[in-house]
Amino acid sequence: MSLFNNSQVIGPPLKLSLKTQVTDGNSYRITVAMKLKNGIQQPGFLLALRFLALVFWSFPGARALDNGLAMTPTMGWLHWERFMCNVDCQEEPDSCISEKLFMQMAELMDSDGWKDVGYEYLCIDDCWMAPKRDSKGRLQADPKRFPGGIQGLANYVHSKGLKLGIYADVGNKTCAGFPGSFGYYDIDAKTFADWGVDLLKFDGCHCDSMEHLENGYKHMSLALNRTGRSIVYSCEWPLYMWPFRKPNYTEIRQYCNHWRNFDDVYDSWQSIKNILDWTSSNQKRIVDVAGPGGWNDPDMLVIGNFGLSWDQQVTQMALWAIMAAPLLMSNDLRHISPQAKALLQDKDVIAINQDPLGKQGYRLRKEDNIEVWERPLSDLAWAVAMVNLQEIGGPRFYTISIASLGQGMACIPDCIITQLLPVKRKLGFYQWTSDLKIQINPTGTVLLRLAAN
């Protein structure tokens with residue numbers, strides 16, 4: 001459906017060609033081509049173009065899960081990548097999955113500034129359960145590792161001003177072999193609500209059919225809402241559907257607050273590259289559906305661990321901000337470097353991730369091992385990330401036309417460009433006709449914010 005398709009001259013200096021159309025998911029795309037006739041600026045035209053951009057980016061996306069949650073991407077801590085399924089508390093008492101571990105993380109999230117910058121959810125992943133349900137069919141925590149039970153842990157977490165997340169599985173068993181929720185969706189939803197849980201990560205292992213998978217995710221969503229408790233619903237529905245058929249993201253968004261699409265993240269640069277490659281290859285299908293109440297989840301932040309260089313950690317933080325991804329750290333907050341902590345707590349980068357406009361960014365171009373990603377922000381600002389994927393040699397210079405950014409509207413007639421990562425510095429005043437030259441370290445990223453002057 002075409003809203004308009006015309007070409008007109010607005011004042012003497014510019015010729016403006018506009019094409020706008022409705023795309024899948026009721027979101028909108030716009031292409032703006034402008035040709036300067038002379039250096040004169042037309043205030044009326046510029047105001048009109050800014051208004052057009054504001055209207056364009058304000059169009060709603062697909063209908064979201066109606067629970068009023070995750071209006072910006074969820075932020076918090078999740079145990080899986082760093083601590084996995086370590087249940088040996090006798091040999092490894094400081095790293096096993098136990099209430100002690102989560103209480104220590106809750107204490108640090110409260111005292112070390114994590115909560116203050118937005119990391120709110122402390123999330124348990126797999127391996128918290130006892131091997132069997134109780135006599136009433138309810139899930140129960142392992143009594144040795146969680147002697148106070150999940151409700152006791154939830155009370156402690158809430159006392160720190162934080163929220164508690166928990167894990168379950170749509171199938172007969174969890175991925176690690178603990179009791180699954182198939183046949184118990186209503187009981188489990190009520191149990192989680194009674195315990196005071198604030199987020200459910202719902203995995204998709206050991207499900208015997210696509211029909212059971214889809215119906216199970218829908219059933220649990222409705223069951224959680226019926227409890228009357230506000231519980232963020234994190235799904236892995238599309239991850240398990242992709243091998244068989246393309247997921248219906250418009251439908252998934254109606255049931256889930258965020259959803260995993262691709263493989264688990266590992267503490268490695270190859271894993272980060274694979275996630276970015278998958279996301280950019282599928283961006284036409286997944287970007288438009290994201291927005292307030294529902295987000296694509298590329299998996300955990302592994303910043304502060306062992307496998308990424310400093311530049312690669314910068315890349316993950318910058319691109320997760322551009323992608324409007326949930327920021328769920330998986331690291332050891334008891335032993336994190338000041339440098340990694342500062343990166344994860346960078347308020348300017350978090351502000352991009354949490355921008356209230358709620359539009360996911362996308363890869364604009366890739367050439368000669370340089371990728372350019374961009375994301376529209378509120379107040380007609382833009383975030384731009386330039387990634388150097390070359391893994392040999394030293395830092396590289398990359399030059400880009402300002403007019404090519406923000407679908408031609410990021411810097412009209414001019415803007416202030418601030419570099420946020422790897423270090424914050426003001427690059428200065430740029431006009432729409434300018435070029436921008438940036439130096440980028442191998443496997444590193446330069447993150448910029450373009451705002452009206």
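- Inspection of the E81 and S330 side chains reveals no N or O donor paired with an N or O acceptor under 3.5 Å.
- The pair D94-K100 meets the salt-bridge criterion, with a side-chain N (NZ, NE, NH1 or NH2) lying under 4.0 Å from an Asp/Glu carboxylate O.
- In this structure, a donor-acceptor pair under 3.5 Å is absent between the side chains of D112 and Y119.
- For the residue pair R334 and Q104, a side-chain donor N or O sits within less than 3.5 Å of a side-chain acceptor on the partner.
- N274 and D263 share no side-chain donor-acceptor pair at under 3.5 Å.
- At least one donor-acceptor pair under 3.5 Å links the side chain of D299 to the backbone N or O of V265.
- The aromatic ring centroids of W237 and W242 lie 6.0 Å or more from each other.
- Remark: K201 is not positioned above the aromatic ring of Y167, lacking an NZ or CZ atom under 6.0 angstrom from the ring centre and at most 45 degrees off the axis.
- Side chain of D379 to backbone of A381: no donor-acceptor contact under 3.5 angstrom is found.
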message = Between W295 and Q360, is the side-chain contact (heavy atoms from CB on, under 4.5 Å) condition met? List the steps.
response = CA-CA 8 Å; W295 311 96; Q360 180 173 333; 5.9 Å; no

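- Not less than 6.0 angstrom separates the ring centroid of Y255 from the ring centroid of Y233.
- The residues R365 and E374 are annotated as not salt-bridged, no charged nitrogen and carboxylate oxygen being separated by less than 4.0 angstrom.
- Test D126, D125, D203 against T174 for side-chain hydrogen bond (donor to acceptor under 3.5 Å, both in side chains) and you get one pass: D126.
- A side-chain donor-acceptor contact under 3.5 Å links N441 and D311.
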